[in-house]
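As the structure lists them, so they are numbered: ligands from 1, and atoms in each ligand from 1. When reading the values below, keep in mind they use all heavy atoms of this one structure, side chains included, and skip hydrogens, waters and symmetry mates.
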Amino acid sequence: MPVRMRTALVPFATLPLAACAGRQSALDPQGLQSNHILQTLFIFLIVAAVVWTAVVVVLCVGLLRRKRSADQPLALHQGFERTSGHVVFGLGLATLIIVLGLSIVSYAGQRTVFAKDEHALTLKIIGHQWWWEVRYEDDSPHQSFVTANEIRIPTGQPVKVELESADVIHSFWVPSLTGKMDLITGQKNELQFTAKNAGVYRGQCAEFCGLQHAHMAFAVFALSPDEYGRWRDHENQSATSPTDPLGKQGEQLFRARGCALCHTIRGTLAGGQLGPDLTHIGSRTTVAAGTLPMSSATLGAWIADPQHIKPGNNMPRMPLQSGELIALIHYLEQLK
Ligand code: HEC
Ligand SMILES: [Cu+2]
């Protein structure tokens with residue numbers, strides 16, 4: 001093949017791999033658990049490929065070496081019968097050994113994936129239609145706080161997530177870190193994972209949970225332990241009150257326009273529980289569970305008409321004047 005043609009083919013040959021890397025891929029594992037899952041997958045894949053190839057080769061040999069039918073097709077050939085008996089017995093035994101072997105591989109993989117570490121950092125994650133409540137619960141209430149749609153964890157430390165649902169069944173899935181686990185009303189499920197490398201990994205609800213299921217994403221930020229400690233101390237603090245007039249107006253409107261009925265901003269009178277905690281909304285990277293990237297424009301678009309962006313979601317459209325909208329955006333953006 002001419003070199004130029006070969007070069008031209010390279011992009012096409014690598015195309016199937018294009019989706020394998022990145023921040024949401026089980027084929028690019030960044031956690032101890034996802035690594036084990038991928039290893040198990042490879043072992044199964046290789047064994048299955050070898051068996052399949054062997055079957056096809058034998059089939060082809062059989063087809064090519066076909067003999068013409070004998071005069072007496074029903075006549076017994078002792079020698080042949082004995083050999084085929086041995087072959088069938090051998091292959092049956094091989095099947096048994098392979099299935100048993102794969103079961104052991106799978107069992108060993110599960111033991112690692114579902115291993116429990118007592119010193120794991122524990123988070124409670126509650127699925128809502130269609131966003132994620134994230135609770136950091138410490139023995140001391142002064143160190144406990146709530147956030148939403150973004151999870152920050154230290155690298156190298158096991159993290160245990162306790163999964164619950166406020167309404168229907170959801171499923172917590174961060175392919176880069178570990179496998180899926182359902183969030184079920186009235187039941188507490190657990191999942192543990194350890195991020196090996198710092199980075200941002202995308203998670204997604206993996207159980208159809210209604211109209212906006214597809215817009216129920218989240219991000220896991222794996223930070224170095226130092227960086228995580230700093231973030232945690234900051235996130236634990238209440239919101240700082242604005243000092244400028246526009247910010248003050250926004251804070252007051254947040255209560256006057258009913259936002260506070262559904263949203264909590266710690267350190268203010270806003271204590272609603274129906275929607276995400278907005279104490280540090282200004283430092284989040286997305287709006288409405290990963291639906292839009294965070295900016296003044298997207299924040300404004302969301303507050304002005306959440307039903308346009310995520311039809312059917314549980315935040316109603318509130319009539320606001322443009323001046324009021326600007327004050328609200330200004331206030332919320334300050335909540336870093
Ligand atoms: C009836 C309850 C309710 C009211 C009132 C309400 N919200 Fe919400 N809000 C929600 C819910 C529920 C969500 C999550 C929607 C989703 O992502 O599916 C939300 C999401 C948000 C978000 C995005 C949060 C994030 O983490 O991405 C912002 C910002 C927000 N609301 C601001 C406001 C403001 C400002 C007001 C007042 C004008 C307001 N909300 C009024 C229920 C409410
Ligand atoms: Cu869901």
side-chain contact (heavy atoms from CB on, under 4.5 Å) partner of Q192, chosen from V113, D117, V159
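Exactly one candidate clears the test, D117.
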Can you confirm whether Q78 is buried at CD, in the sense that more than 12 heavy atoms of other residues, nucleotides or ligands lie under 6.0 Å from that atom?
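Not buried by this count: 12 neighbours or fewer within 6.0 Å.
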Whether over 12 other heavy atoms sit under 6.0 Å from D233 CG:
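More than 12 heavy atoms, drawn from other residues, nucleotides or ligands, come within 6.0 Å of this atom.
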Between [X] and ligand 1, which residue portion shows a heavy-atom distance shorter than 4.0 Å: side chain, backbone, both, or neither?
X: M315; value: both
X: P306; value: neither
X: L261; value: neither
X: Q212; value: neither
X: M216; value: neither

Any idea which protein heavy atom is nearest [atom], and the distance to it?
atom: atom 22 (C) of ligand 1; result: W302 NE1, 3.2 Å
atom: atom 3 (C) of ligand 1; result: C262 SG, 2.7 Å
atom: atom 13 (C) of ligand 1; result: P276 CD, 3.3 Å
atom: atom 38 (C) of ligand 1; result: C259 SG, 2.7 Å
atom: atom 29 (C) of ligand 1; result: L299 CD1, 3.7 Å
atom: atom 24 (C) of ligand 1; result: L278 CD2, 3.7 Å

Kindly assign one of parallel, tilted or perpendicular to the pair [X] and [Y], based on the angle between their ring planes and the thresholds 30° and 60°.
X: H213; Y: F208; value: perpendicular
X: F254; Y: Y331; value: perpendicular
X: Y228; Y: W231; value: tilted

Proximal ligand 1 atoms for [X], defined as those under 4.0 Å from one of its heavy atoms:
X: N313; value: 15 (C), 18 (O)
X: R284; value: 25 (C), 26 (O)
X: I303; value: 35 (C)
X: M318; value: 5 (C), 38 (C)
X: G258; value: 5 (C)
X: V287; value: 27 (O)
X: K310; value: 16 (C), 17 (O), 18 (O)
X: A288; value: 17 (O), 23 (C), 25 (C), 27 (O)

Looking at CG of L253 and SG of C259, how far apart are the two atoms once the value is rounded to the nearest 0.5 Å?
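L253 CG to C259 SG: 8.0 Å, rounded to 0.5 Å.
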Rounded to the nearest 0.5 Å, how far does CD of Q237 lie from CZ of F145?
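CD of Q237 is found 10.5 Å from CZ of F145.
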SD (M216) - the Cu ion (ligand 2) - SG (C205) angle, nearest 10°:
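Between SD of M216 and SG of C205, the angle at the Cu ion (ligand 2) is about 110°.
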Angular separation of H170 ND1 and C209 SG about the Cu ion (ligand 2), given to 10°:
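Seen from the Cu ion (ligand 2), ND1 and SG are separated by roughly 100°.
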Do you see an N/O/S atom of H263, backbone or side chain, under 2.8 Å from atom 8 (Fe) of ligand 1?
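Under 2.8 Å: H263 contacts atom 8 (Fe) of ligand 1 through an N, O or S atom.
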Would you call R152 and E150 a salt bridge, using N to O less than 4.0 angstrom?
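Judged by the 4.0 Å cut-off on N to carboxylate O distance, R152 and E150 do form a salt bridge.
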Check for a donor-acceptor pair, side chain of [X] on one end and backbone N or O of [Y] on the other, with a separation under 3.5 Å.
X: Q204; Y: F218; value: no
X: K310; Y: H215; value: yes
X: R266; Y: V146; value: yes

Can you see which heavy atom on N313 is nearest to which on W130, and at what distance?
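Smallest interatomic distance, heavy atoms only, reads CA-CZ3, 3.6 Å.
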If we only count N/O pairs under 3.5 Å, is [X] in contact with ligand 1?
X: R257; value: no
X: N149; value: yes
X: N314; value: no

How far apart are the C-alpha atoms of M294 and I281, what are their side-chain angles, what is the distance that settles it, and do they pass the side chain to side chain contact (heavy atoms under 4.5 Å, CB included) test?
CA-CA 9 Å; M294 173 66 79; I281 178 74; 3.9 Å; yes
hydrophobic_cluster_shared for W173 and Y201, side chain cutoff 4.5 Å:
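No: no chain of side-chain contacts under 4.5 Å links Y201 to W173.
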